[in-house]
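Letters A, B, ... are given to chains in the order of the sequence lines, protein chains preceding strands, and every chain is numbered from 1. Keep in mind that this is a model prediction, so the values were computed, not measured.
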There are 2 protein chains.
Amino acid sequence: MRILLVEDEQGVANFIKKGLEEERYTVDLVTDGQAGLEHGLTGQYDLLILDLMLPKKSGFEVAKGLRDTGIQTPILMLTAKISVQDKVKGLDVGADDYLTKPFSFEEFLARVRALLRRKQTEMIKLEVGDLEVNTLSHRVFLDGKELVLRPKEYAILEYLVRAKDCVVSRTQILENVWGYDFDPTTNVVDVHIKSIRKKLEELTPKEYISTVRGVGYMVTTTPK
Amino acid sequence: MRILLVEDEQGVANFIKKGLEEERYTVDLVTDGQAGLEHGLTGQYDLLILDLMLPKKSGFEVAKGLRDTGIQTPILMLTAKISVQDKVKGLDVGADDYLTKPFSFEEFLARVRALLRRKQTEMIKLEVGDLEVNTLSHRVFLDGKELVLRPKEYAILEYLVRAKDCVVSRTQILENVWGYDFDPTTNVVDVHIKSIRKKLEELTPKEYISTVRGVGYMVTTTPK
DNA sequence: ACCGAAGATGAAAAGAATTTCATTCTCGCC
DNA sequence: GGCGAGAATGAAATTCTTTTCATCTTCGGT
């Protein structure tokens, strides 16, 4: 289990890092919010532990930055005594739990364990406008009506919806849906996109998949 | 959003119930642990709020009873000041969060919102011995090696794994995997079971799927 | 030990999904 | 306005998945 600890007080940081490592967790430590945000975005962590008062970016800003980009990693915030309003704010920007300094290391570990129990979870319903992609059942609904898609169609749509509002290229789609074993001259993606669009049109006049010429496709609710 | 509140102090219970209802949550209230466990097992709740000190069963026992039966509903525990050891115990038996009385209703609501954000999650990896079924990607691994299954094979195996250690009949499998549109005389399930078994055998001598004659099939790690 | 029901099996048939490819259409640049 | 690249399209070909079915094997009851 990999944990990112963002804490600028060296004594506290070392105490926590050492204690977690004695429990067999792998711990990366950074000392300011900017680095914390960058590591949180790019690293594959199972848990983030953030101090609130940090140089460069506060724990609030780190949490918000992560949640805004769809990062679901659990976040445990460490704070000195602060106002209820600030605690509420922290939970609302995306922290999962709070611990107020000073705290018992036993309780700290128990909270870490509770948060890590939820590591293996993910949003199961992706939504774009009235389109709902259920990533467990691999079924898609539009305004409550099922959009019956073949496996490849589903995989392409899910990929596009996960990258909502971002253009993805055919190559990215091929790599993600087919893996690396594909013919680079193929127009098979275009064929499937056509098929998905046709099925969408049967249920709504609204356009969900846009073409960005020379780049690729994207799912959006705000048409060009 | 439906919330189950288990609290025996009438004043506290009414205060919380009313406050949550003003925030448009639907709240069921019960006053002892036994009823809390029963409601938690059978009701479809988005969140459980448990007092610790309850008649008949403690909040610990309720939480443990729910987690032991696979209930994943988030649990917020309310306590008077208790020892760190008891807090640790509560988190370890399955509570997701604690709030210590007396508490600010604003903070309480923020914690409720934080827990409810995780409502739409579920275990994505089902595991039986060395078999791991990823319900998001619909891929199956055995000792780290992928077991490549066709869609129908995957659906049958997932169904059996979800009902681990329980016998399920061919009719149940047909209803769950095919829906209600099937020929009752078909042996298509047997054919697919054979195929799944064959693929499993290629990776391990261990038997995962047992036949219960005249009843059906089950997945287990403890062979008959 | 025998028998019949239940389960397993192999292979062909049928159905579904995906890919290929030739052609047409569209769009942005000059 | 013309042109060429990029995208879209329809339909056939190919591949893959599922079902069917006849036959064999197994198991539990008598």
Side-chain angles (χ1 to χ4, degrees), chain A residues 138-140 146-160 167-202 207-220 223-224, chain B residues 138-140 146-160 167-202 207-220 223-224:
Chain A
H138 289 200
R139 295 171 78 187
V140 178
E146 185 168 10
L147 192 72
V148 179
L149 299 179
R150 302 296 130 204
K152 275 291 176 25
E153 291 166 346
Y154 170 83
I156 292 171
L157 185 62
E158 185 196 316
Y159 185 66
L160 290 174
V167 184
V168 292
S169 68
R170 286 172 185 76
T171 300
Q172 285 175 287
I173 297 172
L174 285 162
E175 283 168 1
N176 184 265
V177 175
W178 277 261
Y180 286 84
D181 182 23
F182 60 87
D183 173 1
T185 66
T186 188
N187 73 330
V188 71
V189 172
D190 303 274
V191 175
H192 284 299
I193 292 287
K194 160 69 178 180
S195 175
I196 296 166
R197 277 172 165 156
K198 188 173 180 184
K199 290 178 176 180
L200 284 165
E201 277 159 26
E202 284 166 13
E207 195 175 296
Y208 281 89
I209 302 178
S210 294
T211 304
V212 179
R213 194 178 174 90
V215 185
Y217 297 100
M218 78 180 178
V219 151
T220 179
K224 295 187 301 181
Chain B
H138 289 201
R139 295 170 80 187
V140 178
E146 184 167 11
L147 193 72
V148 179
L149 299 179
R150 304 297 133 204
K152 277 287 176 27
E153 291 167 344
Y154 171 82
I156 292 171
L157 186 61
E158 186 196 315
Y159 185 66
L160 290 174
V167 184
V168 293
S169 68
R170 286 172 184 78
T171 301
Q172 285 175 287
I173 296 172
L174 285 161
E175 284 169 2
N176 183 264
V177 176
W178 278 262
Y180 286 83
D181 182 24
F182 59 87
D183 173 0
T185 67
T186 185
N187 76 329
V188 71
V189 172
D190 303 274
V191 176
H192 284 299
I193 292 289
K194 161 70 177 181
S195 175
I196 296 166
R197 277 172 166 156
K198 189 173 179 185
K199 290 179 176 179
L200 283 165
E201 277 159 26
E202 285 166 11
E207 194 176 298
Y208 282 89
I209 302 178
S210 296
T211 303
V212 180
R213 195 177 175 92
V215 185
Y217 297 99
M218 78 179 179
V219 151
T220 178
K224 297 185 304 181

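Distances shorter than 4.0 Å separate some side-chain N or O of W178(B) from OP1 or OP2 on dT19(D). Taking side-chain N and O atoms only, K152(B) has a distance below 4.0 Å to OP1 or OP2 of dT19(D). Distances shorter than 4.0 Å separate some side-chain N or O of R197(A) from OP1 or OP2 on dA8(D). For the OP1/OP2 pair of dG7(C) and a distance below 4.0 Å, the side-chain nitrogens and oxygens of R170(B) include at least one atom meeting the criterion. Using a 4.0 Å cut-off, some side-chain N or O of K194(B) falls inside it from OP1 or OP2 of dT9(C). Contact annotation: T211(A) does not reach the phosphate of dG6(D) (side-chain N/O to OP1 or OP2, under 4.0 Å).
Test D190(A), T186(A), N187(A) against R170(A) for side-chain hydrogen bond (donor to acceptor under 3.5 Å, both in side chains) and you get one pass: D190(A). Screening V167(A), V189(A), I196(A) against Y217(A) for a side chain to side chain contact (heavy atoms under 4.5 Å, CB included) leaves a single residue, V189(A).
When distances run from any side-chain atom of D190(B) to the nucleotides dG4(D), dA8(C), dT19(D), the shortest one goes to dA8(C). Of the listed nucleotides (dT9(D), dC27(D), dT9(C)), dT9(C) has the atom at the smallest distance from the side chain of N187(B). If you check dA6(C), dT20(C), dT18(D) against the side chain of V191(A), the one that comes closest is dT20(C).
Y217(B) comes within 4.0 angstrom of the backbone, heavy atoms only, and of no base.
Rounded to an integer number of Å, the gap from I173(A) CD1 to dT19(C) C1' is 16 Å. Following rounding to the nearest Å, I156(B) (CD1) and dA8(C) (P) show an atom-to-atom distance of 13 Å. One atom, NE2 of H192(B), and another, P of dA11(C), lie 18 Å apart when rounded to the nearest Å. Regarding I209(B), its CD1 atom lies at a distance of 12 Å from the P atom of dT9(C), rounded to whole Å. A straight line from CG of L174(B) to P of dT20(D) spans 11 Å, rounded to a whole angstrom.
To the nearest 0.5 Å, atoms CG (L160(B)) and OG (S210(B)) are separated by 10.5 Å.
A side-chain donor-acceptor contact under 3.5 Å links R197(A) to the backbone of I209(A).
With DNA chain C read from its 5' end, the first of the two nearest nucleotides for I193(B) and L149(A) is the one closest to I193(B).
Between H192(B) and W178(B), the angle of the ring planes lies from 30° to 60°, which puts this pair in the tilted group.
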